[in-house]
Amino acid sequence: MSHINRNLSRREKVLLLVLVLIGLIGLYFYLVHYPIVNRMSEIENERGEVADQQIVADARSAVYKSMKDELDVIFAMPEDKITVMPNYDNIQVLMQQFNTIFANVSPELSFDTVTVSDGVAVRTMRFSFAASGYEEAKEVITNLTGTGFRCLLSGLTLSPSDGDVETNELHVSGVITFYENAAD
């Protein structure tokens with residue numbers, strides 16, 4: 001029993017103090033330092049995720065603004081200039097319009113195979129006809145591109161039978177591509 005009540009030597013007191021300090025330092029690192037460092041790391045990761053989300057949101061906003069601007073331009077157009085992309089298969093309606101458009105000329109029409117990509121059907125038609133003059137050719141081409149359906153005219157050729165384009169019979173040929181919505 002006498003060993004329990006004895007006074008600690010100076011060396012034992014210093015060692016005990018060092019052990020208590022080491023314990024307090026360890027406790028500080030375990031309870032304060034590491035949790036703070038881990039939380040700071042988590043916050044930094046969350047900040048990176050938020051930054052990534054902001055980049056995606058900015059990109060979406062830019063696409064939205066571009067689409068809105070495009071729609072504003074379209075809706076600012078006169079109503080007779082706005083085109084639509086009809087649902088696939090629109091060939092019957094087109095053929096009825098072609099009968100009206102080419103009523104006064106004898107056209108040669110040939111259709112390429114319809115291709116579908118990304119929900120858009122592409123219908124390409126090659127045409128040629130003889131027109132009595134420039135005004136008739138212009139009227140047919142204007143009516144062909146003015147069907148109200150989304151289309152692209154390319155490779156248009158006007159060849160006079162003799163002399164110049166404005167006063168002689170013309171041979172007209174070209175390619176027109178119609179676009180249709182093929183999404184389900």
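Computed over heavy atoms, backbone and side chain alike; hydrogens, waters and symmetry mates excluded.
Residues Glu12 and Ser9 are in side-chain contact: their nearest non-hydrogen atoms beyond the backbone lie under 4.5 Å apart. Contact of the Tyr179 side chain with the Arg123 side chain is not registered, since no non-hydrogen atoms from C-beta on lie closer than 4.5 Å. Side-chain contact between Ile36 and Met40 is present, with at least one heavy-atom pair separated by less than 4.5 Å. With a 4.5 Å cut-off on side-chain heavy atoms, Asp89 and Val114 do not count as touching. The shortest side-chain heavy-atom distance between Leu170 and Phe129 does not fall under the 4.5 Å cut-off. Looking only at side-chain heavy atoms (C-beta outward), Glu136 and Val105 come within less than 4.5 Å of each other. Residues His171 and Ser128 have side chains in contact (heavy-atom distance under 4.5 Å, counting atoms from C-beta outward). The shortest distance between side-chain heavy atoms of Leu153 and Leu156 falls below 4.5 Å.
Taking hydrophobic clusters as Ile, Leu, Val, Met, Phe, Trp and Tyr residues chained together by side-chain heavy-atom distances below 4.5 Å, Leu158 does not share a cluster with Val175. When the side chains of ILVMFWY residues are joined at heavy-atom separations under 4.5 Å, either directly or via intervening members, Tyr88 and Leu94 end up in two distinct hydrophobic clusters. Hydrophobic cluster membership is shared by Val14 and Ile22, with clusters built from Ile, Leu, Val, Met, Phe, Trp and Tyr side chains linked at under 4.5 angstrom. Using a 4.5 Å cut-off between side-chain heavy atoms of Ile, Leu, Val, Met, Phe, Trp and Tyr, with links allowed through other members, Val32 and Tyr34 fall into the same hydrophobic cluster. Follow the hydrophobic side-chain contacts under 4.5 Å out from Leu152 and you never reach Val116; the two are in separate clusters.
Closest approach of Leu31 to Pro35, counting heavy atoms only: O-CG, 3.5 Å. Between Thr147 and Gln97 the shortest heavy-atom distance is CB-OE1, 2.9 Å. Heavy atoms only, all atoms of each residue included: Gly119 and Asn181 are closest at O-OD1, 3.5 Å.
For Arg126, the salt bridge (charged side-chain N to carboxylate O under 4.0 Å, His left out) partners two or more places apart in sequence, or in a different chain, are Asp112. When the side-chain hydrogen bond (donor to acceptor under 3.5 Å, both in side chains) test is applied to Asp69, the partners found at least two apart in sequence or on another chain are Lys65.
Surrounding CG of Asp72 are more than 12 heavy atoms belonging to other residues, nucleotides or ligands, all under 6.0 Å away. Applying the 6.0 Å contact sphere to CD of Glu70 captures no more than 12 heavy atoms from other residues, nucleotides or ligands. Applying the 6.0 Å contact sphere to CZ of Phe102 captures more than 12 heavy atoms from other residues, nucleotides or ligands.
With hydrogens and angles ignored, the 3.5 Å screen pairs a side-chain donor or acceptor of Thr145 with a backbone N or O of Ile141. Put simply, the side chain of Glu108 never gets that close to the backbone of Phe127: no donor and acceptor are under 3.5 Å apart. For Gln54 (side chain) and Val50 (main-chain N/O), no donor-acceptor pair under 3.5 Å exists by modelled atom type. Proximity of a side-chain donor or acceptor of Asn143 to a complementary backbone N or O of Glu139 within less than 3.5 Å is detected. In this structure, Thr142 contributes its side chain and Lys138 its backbone to a donor-acceptor pair below 3.5 Å. Checked by atom type and distance alone, the side chain of Gln96 never pairs as donor or acceptor with a backbone atom of Val93 at under 3.5 Å.
Gln53 contributes atom CD, which lies 10.5 Å from atom CD1 of Ile55 (distance to the nearest 0.5 angstrom). In this structure, the separation between CD on Glu180 and CG on Asn90 is 5.0 Å, given to the nearest 0.5 Å. To the nearest 0.5 angstrom, Asp52 atom CG is 10.5 Å from Arg47 atom CZ. Rounding to the nearest 0.5 Å places CE of Met125 at 8.5 Å from CE of Met95.
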Exercise for review: Test side-chain contact (heavy atoms from CB on, under 4.5 Å) on Val140 and Asn104 and set out the steps.
Suggested key: CA-CA 9 Å; Val140 170; Asn104 296 330; over 6 Å; no

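A salt bridge links Arg39 to Glu46: one of the charged nitrogens lies within less than 4.0 Å of a carboxylate oxygen.
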